[in-house]
Amino acid sequence: MSETPHRYTAELAGQIEVAWQDRWEQEGTFHAPNPSGPWAEPDKVAEFDNGHLLVLDMFPYPSGAGLHVGHPLGYIATDVVARYNRMLGKNVLHCLGYDAFGLPAEQYAVQTGQHPRVTTEANIATMKRQLRRLGLGHDDRRVIETIDPEYYRWTQWIFLQIHNSWYDAEAVRADGGRGRARPISELIAQFESGQRAVLSEDGRGWADLTGPERESVLEQFRLAYASEAPVNWCPGLGTVLSNEEVTNEGRSERGNYPVFKAKLRQWMMRITAYSDRLADDLDRVDWPEKVKLMQRNWIGRSQGARVTFHIGEHPVEVFTTRPDTLFGATFMVLSPEHPLVAGTDGDEAGASIVASSWPEGTSAAWTGGHATPTEAVEAYRLAASRKSDVERQMDAKDKTGVFTGAYATNPVNGTAIPVFVADYVLMGYGTGAIMAVPAGDERDFAFAQQFGVPIIDVIAPADQPDWAGSVADGKAFTGNGVAINSSNDEISLDGLAVDDAKARITAWLAERGLGEATVNYRLRDWLFSRQRYWGEPFPIVFDEEGTSHALPESMLPVVLPDVPDYSPRTFDPDDANTAPEPPLGRLDDWVNVTLDLGDGPKQYRRETNTMPNWAGSCWYYLRYLDPENREALVDAANEQYWMGPRPMTVPGAPAGVTDPGGVDLYVGGVEHAVLHLLYARFWHKVLFDLGHVTSEEPFRRYFAQGYIQAFAYRDHRGQPVPAAEVVEGAPDSKGEPTFTWNGEPVTREYGKIGKSLKNVVSPDEMYEEYGADTFRVYEMSMGPLELSKPWETRAVVGAQRFLQRLWRNVVDEETGETRVVDAEVSRELSVLLNQTIAAVREDFATLGFNTAIARLIELNNAVTKLDVVPRSVAEPLVLMTAPIAPHLAEELWSRMGHPGTLTHEPFPQADPALLVEDTVTCVIQIKGKVRDRMEVASDISEDDLRELALAREKVKAATENGVRTVIVRAPKLVNVVPA
RNA sequence: GCCGGGAUGGUGGAACGGCAGACACGGAGCACUCAAAAUGCUUUGCCCGCAAGGGCGUGCGGGUUCAAAUCCCGCUCCCGGCACCA
């Protein structure tokens, strides 16, 4: 029999942990009361005297592989924050649900025939078990799953809201800004009353349009609309991909199949209507600057002008950010996909500007060796379409292109400038056509040099009077300077600075109808259709004429039916001439329905595409607030309570910026910095505009956590070997560590935790070997939350030793008796305790868990050295440890005589009188180098300290030639500078 | 290429412009033990020295300052994001 039967071992930890988890569940310890709705408990809400807090993690996908030790990092961090804030007297809502639609389950279904729901639910069960064992203080009533029809009913409802609204850029918002979503019925009313004219081609008014014609007018306004858009069609997967799902190589991220551009009718989200607000409101949220910057870059707002050039009869619009350089435009470039050159191969031939023969004297370099411009452009377009994006990038330095044989007229000076087709101009940005100013743009400069096009300097550096010009320089001048060579009979920009020149020329162009100031965005509308099975069905049907109709709310949810085969029809990966056929399309009984949509029963066909994964994860945080509500996606009072704007300032924001509301703390990986966070912001703003929520932003504060990575090892063939079985050997001759597996030398690398690298460590192993509390302490002590850091199983023991010492300070290992007594505490220990309280509070508030744990360890180590353990130190120590190691803390708290949970015990407060020691060590520097130390009273005056320091032997010896100056920072430092 | 972030012992990491390396892992030694594990104690940046003590030290090179890991300038390397964005 062991001499220490009551030692805090992994086994004992496990018993304690499971017991407390059961008790928390039974008592509903972490249930957060709602002020309103189905769970209204206003009396309980009123009990919290220090406000409330909403803390969330990013929505997890329940992967089939279960969790590894990297996953819980953020969950533990938010749990610590949540538990800490409960002890501050706040009503804290912390919970977690499952983003359960998704491709892995569908692909598994394709392979095995297993219904994705079965796989997904099994995965959720595993993940729930693993998370429960971690002891997270989640409100377990609020676990939602996106695949639950009662959940996706509201996903579909939001889609209807978006579909049934339009963006009125002129409407005044509550905050005084302009532009908001409005119900489409208000637009229809405007058309009906004639307040807004219909822009029909034949001049007919709204009253004269047929139903389908009206719908096609409305589609141009709806925020969710069907569009015949160029999409990324991947025959190998049988589905259409969003731009983000296509690699730089022009292949599918999943499966690495070729991706082709095809035109398809797809549901789109008009996120571009919100470009300005999405960009501007970044000032109002407390997010990492780098994430704000990523979103700003993604939105890509740039101020500039649209200028109309003419190529013969054809007007061509170009977008430029530098209208001030218009006089330097010596050629024009159209993208290979531009409609004015796209016509050469068929249907739109009439629109082409490509000349039928080369003009007199065309340089051979411009023709690409072809007999006619038509041939040359056709060949170039074909070559460009075959180039992958990566090939285009590799060639980025060598500009390619061909002359179209056509000339455009520069509107400022009437000069005829040659028009080229070149793939460095992209159809997807601006207008797909540029005016090329080689003197002021590096790409245009490279092209001009290569093709021998004239280069005219129009901006000269203001601070270099003897500037020889861009050609002499060998590079374009892109800096700020002064306009030169820029005048015609009516206007001169010469001598103006860039900004003034821009304003002057833009005004001139506008007066003559040649152009106007405009803002361009990189952001494009969001492709929302997927040709997949495992997603939310659209609440949309098509009538016999093919016109789409939104279903009324009363028909929700549109339940996802079972299908015999889960895969979309796939094709020869290289066959571009194919079209998607989603799995739902095979269910004739489901697809063809008779419905009464207000004008009697009629035959309709259902939309067979499904929504993308983003749909369910765009709004889930709202459903957490009121998951049982059948009447609304969230009760208005609940939303306002948890997420509504508050009278507070936004950290780091410009003066006058107001809090937009939102989740108080949102933690998750930075890989979702752009898409998820942008899409969710967009949906939230639509819901705000339509009056469904009071918050203007979904996430008021976002924290980007780092990742836990791990070492992986490969044998001589490059095959990964199980990392857990690798043995570290003696360092080699260079001092680098060596590693072996089964006696064979292996090489080490550092990377993601995953099956493929055979370096997975699961939390289950940690519970088994150390217990959940130790695992929690280790993860939180590894380093700052925002940093990525390597997992090291052998270091976990440090966290275990800390908890064992804490246990031993409270519980006798041999008898199991409590060791804590009511004893006097030395002033020294009191000071340490109070300093620790102050430091831990500050660290918890700033998510500095690693330093908080270091402080707790120091205090605990000090207690370890005592013969008796005073209650007045042990209790606050246990309470402070509780957010990080909650089970151990609860157990010790109860053994110290407290029957209830410590969840809502007040967090210890520091006594300001006990924050300073009686004496401190003063450092004495001579010329900035530490040469001596002395103990002094902590309230010593500067003069006394100076005198004491100057009297020291070492100081006297160093200042034989006199003292130049003495810097005193009482009580900790004196710096003596000898003459 | 552009934008952003970083570089501190053998390792993860601490450090309002004021004692560099808190805390932890690992290493070394000691105690307890028949032994091992566990635990406790001591020690652990590098160099010289028996020691007292001294010198060097926060990626590299400069600067500001009484004082720089921290602020400024110029590099190197690493990580993240974007990428021919007009």
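Just so we're on the same page: letters track the sequence lines, and every chain starts at 1.
Salt-bridge formation is detected for the pair A:Asp932/A:Arg952: a Lys NZ or Arg NE/NH1/NH2 atom is positioned less than 4.0 Å from an Asp or Glu carboxylate oxygen.
When side chains are defined from C-beta on, A:Pro883 counts as touching A:Phe844, because their heavy atoms get closer than 4.5 Å. Annotation: side chain of A:Leu856 is in contact with side chain of A:Val840 (closest heavy-atom distance under 4.5 Å). Between A:Leu973 and A:Cys922, the closest side-chain pair of non-hydrogen atoms is not below 4.5 Å.
With both ends at atom C1', the span from B:C56 to B:A20 equals 13 Å, rounded to whole Å. The separation of B:U39 from B:C46, taken at their P atoms, amounts to 26 Å, rounded to a whole angstrom. Here, B:G18 and B:U65 have their C1' atoms 12 Å apart, quoted to the whole Å. Between B:C72 and B:U64, the distance separating the two C1' atoms is 7 Å to the nearest Å. Taking the C1' atom of each, B:C30 and B:C23 are spaced 24 Å apart, rounded to whole Å. Nucleotides B:G27 and B:G17 have their P atoms positioned 37 Å apart, rounded to a whole Å. For B:G54 and B:G5, the C1' atoms lie 40 Å apart once the distance is rounded to whole Å. The same atom, C1', is picked in B:A24 and in B:G13; the two are 9 Å apart, to the nearest Å.
The listed nucleotides are B:C84, B:A86, B:C41; the one nearest the side chain of A:Lys865 is B:C41. Considering only the side chain of A:Lys929, B:C56 comes nearest among B:C56, B:C85, B:G40. When distances are taken from the side chain of A:Pro790 to each of B:A86, B:U39, B:G12, the shortest belongs to B:G12. Looking at the side chain of A:Pro784, the nearest of the listed nucleotides B:A86, B:G12, B:A14 is B:A14. Distances from the side chain of A:Leu426 to the nucleotides B:A86, B:G13, B:G4 place B:A86 closest.
Using a 4.0 Å heavy-atom distance criterion, A:Gln804 is classed as a sugar-phosphate-only contact. A:Arg931 comes within 4.0 angstrom of sugar-phosphate atoms only, judged by non-hydrogen atoms across all strands, and of no base. Within the nucleic acid shown, A:Thr431 has no heavy atom closer than 4.0 Å to any nucleic acid atom.
For the pair A:Arg306 and B:A86, the criterion of a side-chain N or O lying under 4.0 Å from OP1 or OP2 is not met.
No cation-pi contact links A:Arg7 to A:Trp807, judged by a cut-off of 6.0 Å to the six-membered ring centre and 45° from its axis.
Looking at residues two or more places apart in sequence or on another chain, you find no side-chain hydrogen bond (donor to acceptor under 3.5 Å, both in side chains) involving A:Arg841.
Look at B:G9: its glycosidic torsion is within 90° of 0, and that puts it in the syn range.
Centroid-to-centroid, the aromatic rings of A:Tyr778 and A:Tyr770 stay 6.0 Å apart or farther.
Pairing of B:A28, defined by two Watson-Crick or G-U wobble distances under 3.5 Å, is identified with B:U42. Across all strands shown, B:U76 is found opposite B:A7 as a Watson-Crick or G-U wobble partner, with both distances under 3.5 Å. In a base pair of the Watson-Crick type (N1 to N3 plus N6-O4 or O6-N4) or a G-U wobble (N1-O2 and O6-N3), with each distance short of 3.5 Å, B:A37 is matched with no nucleotide. Pair assignment for B:G21: none, as no Watson-Crick or G-U wobble contacts are both less than 3.5 Å. For B:U64, there is no paired base (Watson-Crick or G-U wobble, both distances below 3.5 Å).
No side-chain donor from either of A:Tyr713 and A:Asn759 sits under 3.5 Å from a side-chain acceptor of the other.
To the nearest angstrom, P of B:A83 lies 12 Å from CE of A:Met294. With rounding to whole Å, A:Glu289 atom CD is found 21 Å from B:G80 atom P. Counting to the nearest Å, the P atom of B:A52 and the CD atom of A:Glu953 are 20 Å from each other. Going from atom CG of A:Asp441 over to atom P of B:G1 covers 18 Å, rounded to whole Å. Between the CH2 atom of A:Trp287 and the C1' atom of B:G5 there is a distance of 19 Å, given to the nearest Å. Here B:G5 presents its P atom at 19 Å from NZ of A:Lys789, a figure rounded to the nearest Å.
With a 6.0 Å radius and a threshold of 12 heavy atoms from other residues, nucleotides or ligands, A:Glu842 has its CD atom at or below the threshold.
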* Asked: How does protein contact run along nucleotides 17-30 of chain B, one letter per nucleotide 5' to 3', with B for base contact, S for sugar-phosphate only, - for none, heavy atoms under 4.0 Å?
  -> -BBS-BSSSS----
